[in-house]
Amino acid sequence: MRKLSIHWVARIAVSLAVVAAAILFCFYPAVTLGILLTDGKLKREGQSRLVPAWFNALSGRYADWAEQCLESGFARKQTDVAGTEWPMFGSVYFLVTANELQRQGLVDARSGRVRRAVDKARDVVVSPDTATWVRAMWGDDYLTRENLFYRMLLIMGTAAYEEITGDTQCRAVMSAQRQSLAAEFMRAPLHMLDDYPGECWPSDVVWAVAALQRAAALEGTNHNEVARAVMASLDGPLNVAGLPAFKIDKVRETFVEAPRGCGNSGILSFAAELDPVVATRWYNAHERDFWKQNAWLAGFTELLRGSAESFSDIDSGPVIFGLGSVASAFGIGASKSVGRADRAAVLTMEAVACSWPTPFGFLLPMAMGKVAMGGSCLGETALLFSMTRPNQTHHTQPFTGGVPLLVWIMLLAYVTTGALLIYAEVRFWRRWRRNRKKET
């Protein structure tokens with residue numbers, strides 16, 4: 001009798017676990033997709049009303065990761081590209097997203113759990129450990145010449161932190177870097193600077209100038225001259241068929257790689273802050289040459305639409321049916337920044353549908369972030385960063401079209417899987433009840 005009791009207690013526990021799993025991992029994502037499909041704010045503005053809740057939930061996970069990262073010296077021990085860049089990159093994403101949501105009045109990042117995460121993000125950004133890899137490449141003077149990627153993130157992160165909190169403890173570093181980097185831009189050939197020795201990426205150049213402008217605004221000034229010079233180069237000698245080149249050789253003053261989807265979407269995440277007219281023209285070219293949509297799915301391709309070549313790398317992320325995961329994920333922010341809520345809404349629906357949203361976060365970005373970057377929260381942070389890019393134009397094109405079948409298929413898959421799990425348990429207990437009746 002005792003063994004039988006233990007057996008049934010265990011079986012009841014299994015049933016409860018299955019029901020809980022069905023609710024959390026099947027019905028919850030289905031409800032989330034249902035909300036997105038009826039989200040008027042998403043369709044009008046390109047940003048879902050669920051974003052603040054997602055960010056608040058992310059904050060605790062990010063703070064825990066950042067604390068562990070700092071205590072373990074994670075950034076100091078990495079040798080691969082993702083492992084070295086992403087502690088800094090992900091933390092700046094977090095700070096810029098918190099800054100934007102606070103600007104929108106949707107999140108108070110000055111207190112509570114979010115403030116703890118903001119402070120941890122600042123600590124990661126200014127930590128000497130985070131600069132280990134660039135110091136190895138540029139030497140001890142890594143803060144005084146080029147090294148654009150790291151210095152851009154340092155400026156952008158500290159500027160976001162100061163605007164969020166009003167705390168000027170990073171002002172000296174931010175201001176010194178802002179002024180020295182702006183002077184380097186004006187002296188450089190075509191106003192381009194290298195991320196790493198011999199590697200110049202226009203996407204990071206645009207982000208760097210946006211960082212300069214954000215930091216300068218905190219000090220009551222601007223770098224409009226730098227912005228005009230950089231945009232003129234990218235819209236002139238470094239422009240390929242209406243878009244900035246993906247990679248350039250600044251010494252020879254020519255491009256090395258033609259435009260790619262991930263680079264275009266990355267550039268457009270901030271280009272409208274520098275010149276919304278030029279950015280809108282670049283976006284139109286990006287849409288013309290890289291946007292792909294049919295009844296099943298939509299997104300930005302990594303290579304020119306219709307290209308027979310299959311290509312993916314660490315920058316593009318996985319490429320599926322020609323669509324670039326990075327190009328499409330950052331395409332949300334690229335679209336939002338020039339008022340294309342119609343594209344941003346579609347991409348958001350697809351991204352969430354394929355991300356497996358749960359109360360514990362977006363499971364697939366979390367898994368990819370853990371494998372590729374050592375932090376399960378970093379992929380989700382990048383996605384929320386893209387979803388919160390502000391519209392820099394005076395118009396918005398709302399979403400009025402049909403939803404790709406991919407979204408409906410994922411919704412059906414979540415509902416069906418959850419229903420099957422529940423049905424299996426109900427069927428078991430019905431059979432058990434019938435057997436009990438026969439026995440009595």
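With Trp86 as the fixed residue, the ring-ring contact (aromatic ring centres under 6.0 Å, His included) test singles out one of Phe74, Tyr93, Phe149: Tyr93.
Between the side chains of Ser180 and Glu184, no donor N or O sits under 3.5 Å from an acceptor N or O. Gln47 and Gln104 share a side-chain donor-acceptor pair at under 3.5 Å. Between the side chains of Glu162 and Thr168, no donor-acceptor pair is found at a separation under 3.5 Å.
Remark: Phe25 pairs with Phe360 by the ring-ring contact (aromatic ring centres under 6.0 Å, His included) rule, at least two apart or across chains. For Trp54, the ring-ring contact (aromatic ring centres under 6.0 Å, His included) partners are Phe362, not counting sequence neighbours. With sequence neighbours excluded, the residues satisfying salt bridge (charged side-chain N to carboxylate O under 4.0 Å, His left out) with Arg76 are Asp129. Taking the ring-ring contact (aromatic ring centres under 6.0 Å, His included) definition, one finds that Tyr62 meets it with Trp65, Phe94, sequence neighbours left out. Applying the salt bridge (charged side-chain N to carboxylate O under 4.0 Å, His left out) test to Asp39 and every residue at least two apart in sequence or in another chain returns Arg49. With sequence neighbours left out, Glu225 forms a salt bridge (charged side-chain N to carboxylate O under 4.0 Å, His left out) with no residue at all. With sequence neighbours left out, the ring-ring contact (aromatic ring centres under 6.0 Å, His included) criterion links Phe246 to Trp201. Taking the salt bridge (charged side-chain N to carboxylate O under 4.0 Å, His left out) definition, one finds that Arg281 meets it with Asp235, sequence neighbours left out.
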Note to self: If you apply the rule side chain to side chain donor-acceptor pair (under 3.5 Å), what do you find for Asp119 with Tyr161, and how did you get there?
What the structure shows: CA-CA 8 Å; Asp119 287 340; Tyr161 176 78; 3.2 Å; yes
Note to self: For a side chain to side chain donor-acceptor pair (under 3.5 Å) check, start with the C-alpha distance between Asn391 and Thr396, then their side-chain angles and the critical distance, and finish with the verdict.
What the structure shows: CA-CA 8 Å; Asn391 182 0; Thr396 302; 3.1 Å; yes
Checklist line | Candidate pair Met349 and Leu33, rule side-chain contact (heavy atoms from CB on, under 4.5 Å), full reasoning | finding: CA-CA 7 Å; Met349 291 176 190; Leu33 280 184; 5.7 Å; no
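In this structure, the side chain of Ser337 does not engage the main chain of Phe270 through any donor-acceptor pair within 3.5 Å. With hydrogens and angles disregarded, no donor-acceptor distance shorter than 3.5 Å links the side chain of Ser48 to the backbone of Leu42. Between the side chain of Asp249 and the backbone N or O of Arg252 there is at least one donor-acceptor pair closer than 3.5 Å. Counting only distance, with no hydrogens or angles, the side chain of Thr38 and the backbone of Ile35 share a donor-acceptor pair below 3.5 Å. Within the 3.5 Å criterion, the main-chain N or O of Ala413 finds no donor-acceptor partner in the side chain of Thr416. No side-chain donor-acceptor contact under 3.5 Å links Thr221 to the backbone of Ala217.
Counting only residues at least two apart or on different chains, the salt bridge (charged side-chain N to carboxylate O under 4.0 Å, His left out) pairs with a member in residues 254-268 are Glu257-Arg260, Arg260-Glu302, Arg260-Asp313. Under the ring-ring contact (aromatic ring centres under 6.0 Å, His included) criterion, no residue pair touches residues 104-132, with sequence neighbours excluded. Screening residues 290-309 for ring-ring contact (aromatic ring centres under 6.0 Å, His included) gives His286-Phe290, His286-Phe300, Trp291-Phe300 as the qualifying pairs, with residues at least two apart or on separate chains. Sorted pairs that involve residues 219-242 and meet ring-ring contact (aromatic ring centres under 6.0 Å, His included), not counting sequence neighbours, are lacking altogether.
The cationic group of Arg389 lies under 6.0 Å from the six-membered ring centre of Phe385 and within 45° of the ring axis, placing it in a cation-pi geometry.
Ion pairing between Glu100 and Arg103 holds under the 4.0 Å rule for side-chain N and carboxylate O. A salt bridge links Glu146 with Lys250: at least one charged nitrogen is closer than 4.0 Å to a carboxylate oxygen.
Note on ring orientation: taking the six-membered ring where Trp is involved, the planes of Trp133 and Tyr196 are perpendicular (angle over 60°, cut-offs 30° and 60°).
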